[in-house]
Amino acid sequence: MNQKNLLGLNNCFLDKNDPIDLFEKWMNEAKKTEPNDPNAVAFGTSDHNNSPSIRMVLLKDFNKDGFIFYTNLNSQKGNDLKNNPKAAMCFHWKSLLRQIRINGVVQKISDKVADEYYNTRGYESRIGAWASKQSSVLHNRDELLNSIEEYKKKYNNKNEVPRPDHWSGWNLIPTSIEFWLDGDSRIHERLKYTKDEAGNWNKSLLSP
C-alpha cells in the first residue's frame, strides 16, 4: 500500500493545493486524539521595540480568509498588534507528532462577528471581559474579584451583557503555512505553502 503522497511525503500531507484544506484535515484528526484543547495555539507578536512575546490562545474559527481568536484589545498582545500587525501561530499536537506554523498579518474582525461570538460565551466569561483589565498590574487578587462582583451587579440579567468595545477578535491572514511531521532520528517531514503576490499558494519541501 502506498503510504506517500505525490511529493514523497507521508500520506497524511495528502496532495492539497490549498493549505486551509489540509489544515482542516489535521485539525479534525487532532480533535480525535488531543485530550485537551486541540485548538490551543502558541501566538507570537512583537512590540514597537521589536521585542518578541508569545502566549497560548484558543483558535475559535478559521476559513479561507484566515484564523480567528478573541482577546482584550488593550492587552499586551492587543497593543502589540496595533503597533505591528505581523504575527505568527504554532500548533503542536503531541498525540499526532505534528505541528503547523502560520505567519501572516492580523486584521480586526467586524463588530457583527465579534458580537455573534461574544453572545455564545457563558455569563461568567462575558462578565470577565468587562472586569479584567488584561495584562495590567493587580495590587491584589481581591481587586479583580471585586471588579467581577461590581459588573455582576451592573449586568445582573444574564441575557443582557453587552460586548465591551475593548473586547473583540483578530483574524490572522496567512502568508505562509508550514506542516511538520516528526520523523525517526530527527529526519522530519516539512511542507511549506507560501502565498504569492497573485494570491496563489506555492508548495515547497523543507529540510528537517
Taking atom [atom1] as the centre, does [X] end up with more than 12 heavy-atom neighbours from other residues, nucleotides or ligands that are less than 6.0 angstrom away?
{"X": "Lys86", "atom1": "NZ", "answer": "no"}
{"X": "Gln134", "atom1": "CD", "answer": "yes"}
{"X": "Asp142", "atom1": "CG", "answer": "yes"}
{"X": "Asn49", "atom1": "CG", "answer": "yes"}
{"X": "Arg101", "atom1": "CZ", "answer": "no"}

Should [X] and [Y] count as side-chain neighbours, where that means a heavy-atom distance under 4.5 Å?
{"X": "His92", "Y": "Val41", "answer": "no"}
{"X": "Asn171", "Y": "Asp61", "answer": "no"}
{"X": "Lys152", "Y": "Glu124", "answer": "yes"}
{"X": "Lys133", "Y": "Leu138", "answer": "no"}
{"X": "Val106", "Y": "Ile173", "answer": "no"}
{"X": "Leu7", "Y": "Leu191", "answer": "yes"}
{"X": "Asp18", "Y": "Lys64", "answer": "yes"}
{"X": "Pro208", "Y": "Arg186", "answer": "no"}

Side chain [X], main chain [Y], donor-acceptor under 3.5 Å:
{"X": "Asn83", "Y": "Asp47", "answer": "no"}
{"X": "Asn119", "Y": "Asp115", "answer": "yes"}
{"X": "Asp15", "Y": "Leu6", "answer": "yes"}
{"X": "Asn140", "Y": "Glu143", "answer": "yes"}
{"X": "Tyr118", "Y": "Pro162", "answer": "yes"}
{"X": "Thr120", "Y": "Tyr117", "answer": "yes"}
{"X": "Asn11", "Y": "Leu14", "answer": "no"}
{"X": "Asn28", "Y": "Glu24", "answer": "yes"}
{"X": "Arg141", "Y": "Leu145", "answer": "no"}

Do you know the tightest heavy-atom contact between [X] and [Y]?
{"X": "Val161", "Y": "Lys158", "answer": "CG2-O, 4.2 Å"}
{"X": "Cys90", "Y": "Gln99", "answer": "SG-OE1, 3.7 Å"}
{"X": "Gly104", "Y": "Thr175", "answer": "CA-OG1, 3.7 Å"}
{"X": "Ile109", "Y": "Tyr70", "answer": "CD1-CE2, 3.3 Å"}
{"X": "Ser168", "Y": "Ala114", "answer": "OG-CB, 3.6 Å"}
{"X": "Asn10", "Y": "Glu189", "answer": "N-OE1, 2.7 Å"}

Quick one: [atom1] on [X] to [atom2] on [Y], what's the gap to the nearest 0.5 Å?
{"X": "Phe91", "Y": "Phe43", "atom1": "CZ", "atom2": "CZ", "answer": "10.5 Å"}
{"X": "Glu178", "Y": "Ser204", "atom1": "CD", "atom2": "OG", "answer": "8.5 Å"}
{"X": "Phe67", "Y": "Asn39", "atom1": "CZ", "atom2": "CG", "answer": "13.0 Å"}
{"X": "Leu9", "Y": "Phe179", "atom1": "CG", "atom2": "CZ", "answer": "11.5 Å"}
{"X": "Ser136", "Y": "Asn72", "atom1": "OG", "atom2": "CG", "answer": "8.5 Å"}
{"X": "Gln76", "Y": "Leu81", "atom1": "CD", "atom2": "CG", "answer": "10.5 Å"}

Audit row: Gln107, Leu172, side chain to side chain contact (heavy atoms under 4.5 Å, CB included) steps and yes/no = CA-CA 7 Å; Gln107 184 178 72; Leu172 179 65; over 6 Å; no
Going hydrophobic residue to hydrophobic residue with side-chain gaps under 4.5 angstrom, can you get from [X] over to [Y]?
{"X": "Phe69", "Y": "Ile100", "value": "yes"}
{"X": "Met27", "Y": "Ile102", "value": "yes"}
{"X": "Leu59", "Y": "Trp93", "value": "yes"}
{"X": "Val105", "Y": "Val113", "value": "no"}
{"X": "Ile68", "Y": "Phe62", "value": "no"}

Scan side-chain atoms only and decide if [X] and [Y] contain a donor-acceptor pair under the 3.5 Å cut-off.
{"X": "Thr45", "Y": "Arg55", "answer": "yes"}
{"X": "Ser176", "Y": "Lys192", "answer": "no"}
{"X": "Ser135", "Y": "Ser75", "answer": "no"}
{"X": "Asn202", "Y": "Thr194", "answer": "no"}
{"X": "Asn74", "Y": "Lys82", "answer": "yes"}

Step by step, work out the side chain to side chain contact (heavy atoms under 4.5 Å, CB included) result for Trp167 and Leu73.
-> CA-CA 6 Å; Trp167 192 97; Leu73 300 177; over 6 Å; no
Could you go step by step and tell me if Ser46 and Asp80 meet the side chain to side chain contact (heavy atoms under 4.5 Å, CB included) rule?
-> CA-CA 6 Å; Ser46 60; Asp80 283 355; over 6 Å; no
Sequence neighbours left out, what passes ring-ring contact (aromatic ring centres under 6.0 Å, His included) with Trp130? Give chain and number order.
-> Tyr151, Tyr155
Would Asp182 and Arg98 count as a side chain to side chain contact (heavy atoms under 4.5 Å, CB included) if you check the C-alpha gap in whole Å, the side-chain angles of each, and the deciding distance to 0.1 Å?
-> CA-CA 6 Å; Asp182 182 82; Arg98 298 178 190 178; over 6 Å; no
Close aromatic pair by centroid cut-off 6.0 Å: Phe13 and Trp26 = yes
Salt bridge or not for Glu150 and Lys153, using N-O below 4.0 Å?
-> no
From CA spacing to verdict: salt bridge (charged side-chain N to carboxylate O under 4.0 Å, His left out), Lys25, Glu29 | CA-CA 6 Å; Lys25 294 289 186 183; Glu29 287 297 315; over 6 Å; no
Test side chain to side chain donor-acceptor pair (under 3.5 Å) applied to Ser53 and Lys77, step by step | CA-CA 8 Å; Ser53 182; Lys77 59 182 171 296; over 6 Å; no
